[in-house]
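Written out below as structure tokens is the structure these notes cover.
These numbers come from the heavy atoms of this one structure, side chains and all, not from hydrogens, waters or symmetry mates. Note that the structure is a prediction, hence the values are computed from the model and not measured.
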Amino acid sequence: MEITALRAHIAEMRGTLMNQEQEIREKVREEYDNLVHNLYTATFELKSKFEMYRKTVQDDVKEQITKVRREALDLMRSKTEVTKADDEILKRNLAKAEQLREIQKEKHDLIKLVLVLKSLNNWKQFIMRKSLSQKMFDFTKRS
């Protein structure tokens with residue numbers, strides 16, 4: 001009788017041990033999911049910031065090129081003898097360069113907006129996937 005009681009106690013302890021192991025696995029999985037979520041969020045934020053920084057640097061470089069072009073043309077005018085026709089061509093080219101620069105600025109602003117929308121959309125999708133994953137985890141936990 002003691003042997004059957006001990007066997008029953010051992011079976012009960014094994015069941016308890018298996019339940020505890022399952023609970024520990026679930027806790028570890030939940031912590032892991034949270035860490036992955038935090039890591040993804042941080043990397044996504046960094047990626048967005050780097051993309052914005054890259055676009056800003058490109059814009060600054062284009063601005064500097066425009067400034068140098070304008071200064072070079074002014075210097076050329078002052079150093080050399082420029083005919084009226086050449087002066088008109090230079091002015092027209094400079095005006096077109098200015099128009100192009102304005103369009104590039106507008107494009108830069110639009111790209112910034114697109115990047116923000118892209119970031120928000122990716123974040124929203126990730127949150128939805130995380131929520132779905134959590135609901136599935138809760139559902140399997142209850143089952």
Side-chain angles (χ1 to χ4, degrees), residues 1-80 82 85-143:
M1 179 151 146
E2 286 184 25
I3 292 177
T4 53
L6 287 174
R7 284 184 183 159
H9 187 62
I10 288 173
E12 182 183 325
M13 289 179 71
R14 282 186 183 158
T16 305
L17 179 64
M18 290 176 74
N19 287 340
Q20 288 176 344
E21 286 177 354
Q22 184 65 26
E23 288 175 10
I24 291 171
R25 283 189 189 111
E26 288 174 1
K27 286 181 183 178
V28 168
R29 180 174 178 245
E30 196 172 319
E31 289 174 3
Y32 176 77
D33 286 346
N34 288 335
L35 288 174
V36 168
H37 172 71
N38 293 339
L39 180 64
Y40 180 81
T41 302
T43 56
F44 190 75
E45 286 176 13
L46 282 175
K47 181 183 172 189
S48 297
K49 287 180 183 179
F50 279 129
E51 190 68 26
M52 291 285 245
Y53 178 73
R54 184 178 68 84
K55 292 294 181 186
T56 302
V57 168
Q58 283 179 343
D59 191 51
D60 290 345
V61 167
K62 288 176 183 176
E63 186 69 37
Q64 290 296 324
I65 289 171
T66 301
K67 182 179 175 184
V68 168
R69 180 184 291 144
R70 194 177 314 117
E71 290 173 1
L73 285 175
D74 289 341
L75 188 62
M76 283 174 44
R77 280 187 195 148
S78 67
K79 296 279 182 176
T80 61
V82 179
D86 289 339
D87 193 39
E88 286 297 320
I89 291 172
L90 288 175
K91 285 180 182 179
R92 191 172 355 126
N93 286 343
L94 190 57
K96 287 186 180 191
E98 290 293 327
Q99 287 176 344
L100 179 63
R101 184 65 196 128
E102 290 301 319
I103 291 170
Q104 287 174 341
K105 283 181 183 179
E106 187 177 332
K107 178 184 172 188
H108 176 73
D109 292 340
L110 292 173
I111 287 174
K112 275 184 173 179
L113 290 174
V114 167
L115 289 174
V116 168
L117 289 173
K118 195 175 181 183
S119 297
L120 289 173
N121 187 37
N122 285 341
W123 181 76
K124 179 182 161 187
Q125 286 178 352
F126 181 75
I127 294 299
M128 287 173 43
R129 274 190 244 127
K130 173 75 173 152
S131 174
L132 179 63
S133 174
Q134 185 65 37
K135 287 178 184 177
M136 289 175 60
F137 177 72
D138 291 342
F139 180 73
T140 55
K141 191 175 180 181
R142 279 188 243 144
S143 297

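With rounding to the nearest 0.5 angstrom, the CG atom of L100 is 10.0 Å from the NZ atom of K107. Atom CG of residue L39 and atom OH of residue Y32 lie 9.0 Å apart, to the nearest 0.5 angstrom. Taking CE of M13 as the start and CD1 of I10 as the end, the distance is 8.0 Å to the nearest 0.5 Å. Between the NZ atom of K105 and the CD atom of E63 there is a distance of 4.5 Å, given to the nearest 0.5 Å. A distance of 10.0 Å separates NZ of K91 from CG of L94, quoted to the nearest 0.5 Å. With rounding to the nearest 0.5 angstrom, the OG1 atom of T43 is 9.0 Å from the NZ atom of K47.
D138 pairs by the side-chain hydrogen bond (donor to acceptor under 3.5 Å, both in side chains) definition with Q134, not counting sequence neighbours. By the side-chain hydrogen bond (donor to acceptor under 3.5 Å, both in side chains) test, E23 is found to be paired with no residue, residues two or more places apart in sequence or in another chain being considered. Under the rule for a side-chain hydrogen bond (donor to acceptor under 3.5 Å, both in side chains), the partners of R70 that lie at least two apart in sequence or sit in another chain are E98.
Counting only heavy atoms from C-beta outward, the side chains of L132 and M128 never approach each other to under 4.5 Å. Here the side chains of E45 and T41 are in contact, with some heavy-atom distance below 4.5 Å. When side chains are defined from C-beta on, N34 counts as touching K130, because their heavy atoms get closer than 4.5 Å. A heavy-atom distance below 4.5 Å is found between the side chains of L75 and S78.
Other residues, nucleotides and ligands place more than 12 heavy atoms under 6.0 Å from the CZ atom of R101. In the displayed structure, E21 atom CD is contacted under 6.0 Å by more than 12 heavy atoms of other residues, nucleotides or ligands.
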task: Check the pair Q22, M18 against side chain to side chain contact (heavy atoms under 4.5 Å, CB included), reporting the backbone distance first and the verdict last.
output: CA-CA 6 Å; Q22 184 65 26; M18 290 176 74; over 6 Å; no
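The pair E51-R54 meets the salt-bridge criterion, since a charged nitrogen lies less than 4.0 angstrom from a carboxylate oxygen. Salt bridge D109/K55: absent, no basic N to carboxylate O contact under 4.0 Å.
Annotation for H108 and T56: closest pair CE1-N, 3.6 Å, computed over non-hydrogen atoms.
Residues F44 and F126 keep their aromatic ring centres 6.0 Å or farther apart.
Looking only at distances, no side-chain donor or acceptor of S133 sits under 3.5 Å from a matching main-chain atom of R129. The closest donor-acceptor contact from the side chain of T16 to the backbone of E12 lies under 3.5 Å.
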